[in-house]
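Sequence lines set the chain letters: A, B, ... in the order given, protein chains first and strands last, and positions in each chain run from 1. The structure presented is a predicted model; accordingly, all values stated were derived computationally and were not measured.
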There are 4 protein chains.
Amino acid sequence: MDATEATDATKRQRRGNTRQRIQDVALELFAEQGYEKTSLREIAERLGVTKAALYYHFKTKEDILVGLFQDLQRPIDELIEWANTQPRTLDTKREILLRYSEALTDAAPLFRFMQENQATVRELSVGETFKDRMIRMIDTIKEPDAALPDQVRCISALFTMHAGMFLLRDVEGDPEDKRKAVLEVAIDLVTQAHGGSRQP
Amino acid sequence: MDATEATDATKRQRRGNTRQRIQDVALELFAEQGYEKTSLREIAERLGVTKAALYYHFKTKEDILVGLFQDLQRPIDELIEWANTQPRTLDTKREILLRYSEALTDAAPLFRFMQENQATVRELSVGETFKDRMIRMIDTIKEPDAALPDQVRCISALFTMHAGMFLLRDVEGDPEDKRKAVLEVAIDLVTQAHGGSRQP
Amino acid sequence: MDATEATDATKRQRRGNTRQRIQDVALELFAEQGYEKTSLREIAERLGVTKAALYYHFKTKEDILVGLFQDLQRPIDELIEWANTQPRTLDTKREILLRYSEALTDAAPLFRFMQENQATVRELSVGETFKDRMIRMIDTIKEPDAALPDQVRCISALFTMHAGMFLLRDVEGDPEDKRKAVLEVAIDLVTQAHGGSRQP
Amino acid sequence: MDATEATDATKRQRRGNTRQRIQDVALELFAEQGYEKTSLREIAERLGVTKAALYYHFKTKEDILVGLFQDLQRPIDELIEWANTQPRTLDTKREILLRYSEALTDAAPLFRFMQENQATVRELSVGETFKDRMIRMIDTIKEPDAALPDQVRCISALFTMHAGMFLLRDVEGDPEDKRKAVLEVAIDLVTQAHGGSRQP
DNA sequence: AATGAATGAGGCTTCATTCAT
DNA sequence: AATGAATGAAGCCTCATTCAT
């Protein structure tokens, strides 16, 4: 009976948050091995449930991914919304990048996943959504009439931030320092792009 | 008889270059759909041969990818070698980026593939090889004692070039202009990094 | 409704014993055609299930064989254990052979399989296990200091029992008589081996 | 040119005996891994030729096995023929076993193969041939009116000889001693069978 | 006497998914 | 809220064999 109670306790802990736990494990594995290479069996095994249990919480494998997205794209949507209410000054842009950097840090595994599984994501329903969001993000930091190189700078700034955390993994140094360095470069790029469209 | 000759001509064309044709089709599909999602059946069908024929030319699916790599990394190896014989001046770095841009243009589909399938490639034998090459490339344009932000600039420069072609697909403009714009930004980043390590 | 009941009955019969049924069919086919020549498709078809169903119950093809073994080697393990608690008299040995003969009759198809697929089994994980068991069996009927010919006699006795059932298939006669004849020869061999080590 | 000559020399050595070399390698591999598990690719590779070359010398894979047999069954056919011209005395039987033991030693790998691949061989054309030969061999040492146990003794004698070499691999001792021990047991068995049919 | 290129059949295995319980 | 059992499709790969050269 003690044994039963112990089991019950464990189950109680799990009760109600299985959906969350599935997402956590899925993201972990998707980011680590890629979406295609991660099987539902693997996810289920690591959770100690059956594959069929996953289907109680999600309609398809892709649905798990969609779920992950919906949770994590809200901060970015809010950031874009906020940005669109601000004047398009350099200071605003700096603030956008700063906030974006923070949002990215929170959702790092998901962005790592997006970065490293573009080919897969492109074919998924979630792909368009993500691309849209990127374009709208770029629009908040890019001058509407910017010359090509300045457009590249803005895109590169965002891209550098996305990739930054993973690219620097082999470089020595404190993670927080790295984040700041990445942010500095991104701000630099955007600053140049901002000035560039004024002077010609 | 004409028909026969046509068939003969076709066969003659095919003979001896099937290996090459496999690689061409494979790269096309890998870049388009990703490595995992591309099946050998698909490659074979598009070529009008059997799956087994692929296995005459390549030992495994992964081997096709390795083959693609070996053909296309030589230009980069040569570039790195050349770079290491030059003085590490800003002019040299500009030349490196210029040459790299050209090499990239030639091998665009492969780099698109690497960019979009990092999660997959990471687990493949070819992953390490690629990473090594990137590190050595970065070493040719980075000052040994560069501060973190300048390191980020160099990495970002390379990365921007890799991604440039695809990121700008939605932007209007002549491809050649885009390439130049990307190169300009990359040179800019490296120039800043070069100066950065001199003045402090 | 009868039809429905019949179907239900069939399903009830199947439920819970599919694993057993797989093993039964597999053993039958393995013994008949050999392990390599028996495909999972064949097993599945004869059972009226899909190949994938086999994989729900067994991890690999080899695993089916391992399963067969585990079920059928227990009687022999028990026999060895019992033998090791007895004094090593001739009477004990006679009893060992008698019991072994019975165990063999029960597991005849499996032993036929082992006998006829040695080359295959040797490379399988189950091979070593089987060999070990044989060695331990021989140790129960062999005197520790037996001369070479007496060792041969003991090995031959066991081997004759293994092979007996199949070798005599072309000989006329009642199966029970044959079994007794085989047992008689085996006892004879072991008796000679027993005496052999006492008299010199 | 020197290099060419060296190659020529090697080829000259090989010329004309490729058929033999194929058989040698095939037997080696068949005995080691079994017939089914040995692929023509493996044989060809170990020989340094193409699979297609094998088909120049043999019509099918099975044909290689048949070829091996034809070369090696002649001694046994001769032995049987000789035995049938002798009086069926105990001395004759002893001589038969002695000669058989020698024939076996010469063709050891082939007999090991037969022993360990019975399931496979049974379905091959060569199977019947082999079984026939065994029956005729047994007829040379068995009294026509022998009781069941004496028949078992004769079969066991032959079987013990076949298996002897491999079964004793784990037993310490000189190979020649082992062969003699096996022969001694076989003669013993046949002697008992010979006497057995006289006394009742 | 042997090769290069290819085929068709089939092998084992894994996957996402379903459904009655 | 979850399981046990199963499916159909598809995956990668290997095999024996063929045939023009």
**Asked** Given E/dT14, is OP1 or OP2 found less than 4.0 Å from the side-chain N or O atoms of A/Ser39?
**Response** no

**Message:** Only pairs with both distances under 3.5 Å count, Watson-Crick or wobble alike; so what is the partner of E/dT14 in this structure?
**Reply:** F/dA9

**Asked** Now, which nucleotide makes the Watson-Crick or G-U wobble pair with E/dT21, with each of the two distances under 3.5 Å?
**Response** F/dA2

**Message:** Check the phosphate of E/dT14 against A/Arg41, side-chain N and O only, distance under 4.0 Å to OP1 or OP2. Yes or no?
**Reply:** no

**Request:** To the nearest Å, give me how far apart CZ (C/Phe58) and C1' (E/dT14) are.
**Result:** 18 Å

**Message:** Whether the A/Glu42 and A/Gln33 side chains hold a donor-acceptor pair (N or O, under 3.5 Å, no angle test) is what I'd like checked.
**Reply:** yes

**Request:** Measure the distance from CG on D/Leu54 to C1' on E/dG4 and round it to the nearest whole Å.
**Result:** 15 Å

**Asked** Between A/Met114 and A/Phe69, is any pair of side-chain heavy atoms under 4.5 Å apart?
**Response** yes

**Prompt:** Heavy atoms, side chains only, cut-off 4.5 Å: are C/Leu68 and C/Phe30 in contact?
**Reply:** yes

**Item:** Working for side-chain contact (heavy atoms from CB on, under 4.5 Å), residues A/Tyr35 and A/Leu124
**Value:** CA-CA 11 Å; A/Tyr35 176 78; A/Leu124 265 35; 4.0 Å; yes

**Message:** Quick check on E/dA6: is either OP1 or OP2 less than 4.0 Å from any side-chain nitrogen or oxygen of B/His57?
**Reply:** yes

**Request:** Answer with yes or no whether the side chains of C/Glu62 and C/Ser125 bring together a donor and an acceptor at under 3.5 Å.
**Result:** yes

**Fill in**
To the nearest 0.5 Å, atom NZ of A/Lys37 lies from atom OG1 of A/Thr120 at 11.0 Å

**Asked** In whole angstrom, what separates D/Gln20's CD from E/dA1's C1'?
**Response** 17 Å

**Phosphate contact (F/dA6 OP1 or OP2) by C/Tyr56 side-chain N/O below 4.0 Å** = no

**Message:** How many whole angstroms separate atom CD of D/Glu45 from atom P of E/dT3?
**Reply:** 13 Å

**Request:** Please state how far atom CZ in D/Arg21 lies from atom P in E/dA1, giving the value in whole angstrom units.
**Result:** 14 Å

**Item:** Short side-chain N/O contact from B/Tyr55 to OP1 or OP2 of F/dT14, under 4.0 Å
**Value:** no

**Message:** Go nucleotide by nucleotide along DNA chain E from the 5' end; which of B/Thr50 and C/Lys59 gets its closest nucleotide reached first?
**Reply:** B/Thr50

**Request:** Please determine if a side-chain N or O atom of A/Thr60 lies less than 4.0 Å away from the OP1 or OP2 oxygen of E/dA16.
**Result:** no

**Complete:** In whole angstroms, the gap separating P of F/dC12 from NZ of A/Lys37 amounts to 12 Å

**Request:** Quickly work out the C/Lys61 NZ to E/dG11 P distance and round it to whole Å.
**Result:** 9 Å

**Item:** Interatomic distance where CZ belongs to B/Arg19 and P belongs to E/dG4 [whole Å]
**Value:** 14 Å

**Item:** Nearest-nucleotide 5' precedence on DNA chain F, B/Leu40 against D/Glu36
**Value:** B/Leu40

**Prompt:** Applying a 3.5 Å limit to both distances, which nucleotide forms a Watson-Crick or G-U wobble pair with F/dC15?
**Reply:** E/dG8

**Position toward the 5' end of DNA chain E (nearest nucleotide), B/Ala52 or C/Tyr35** = B/Ala52

**Position toward the 5' end of DNA chain F (nearest nucleotide), B/Lys51 or C/Ala53** = C/Ala53

**Prompt:** Under 4.0 Å between a side-chain N/O of A/Thr18 and OP1 or OP2 of F/dA1, yes or no?
**Reply:** no

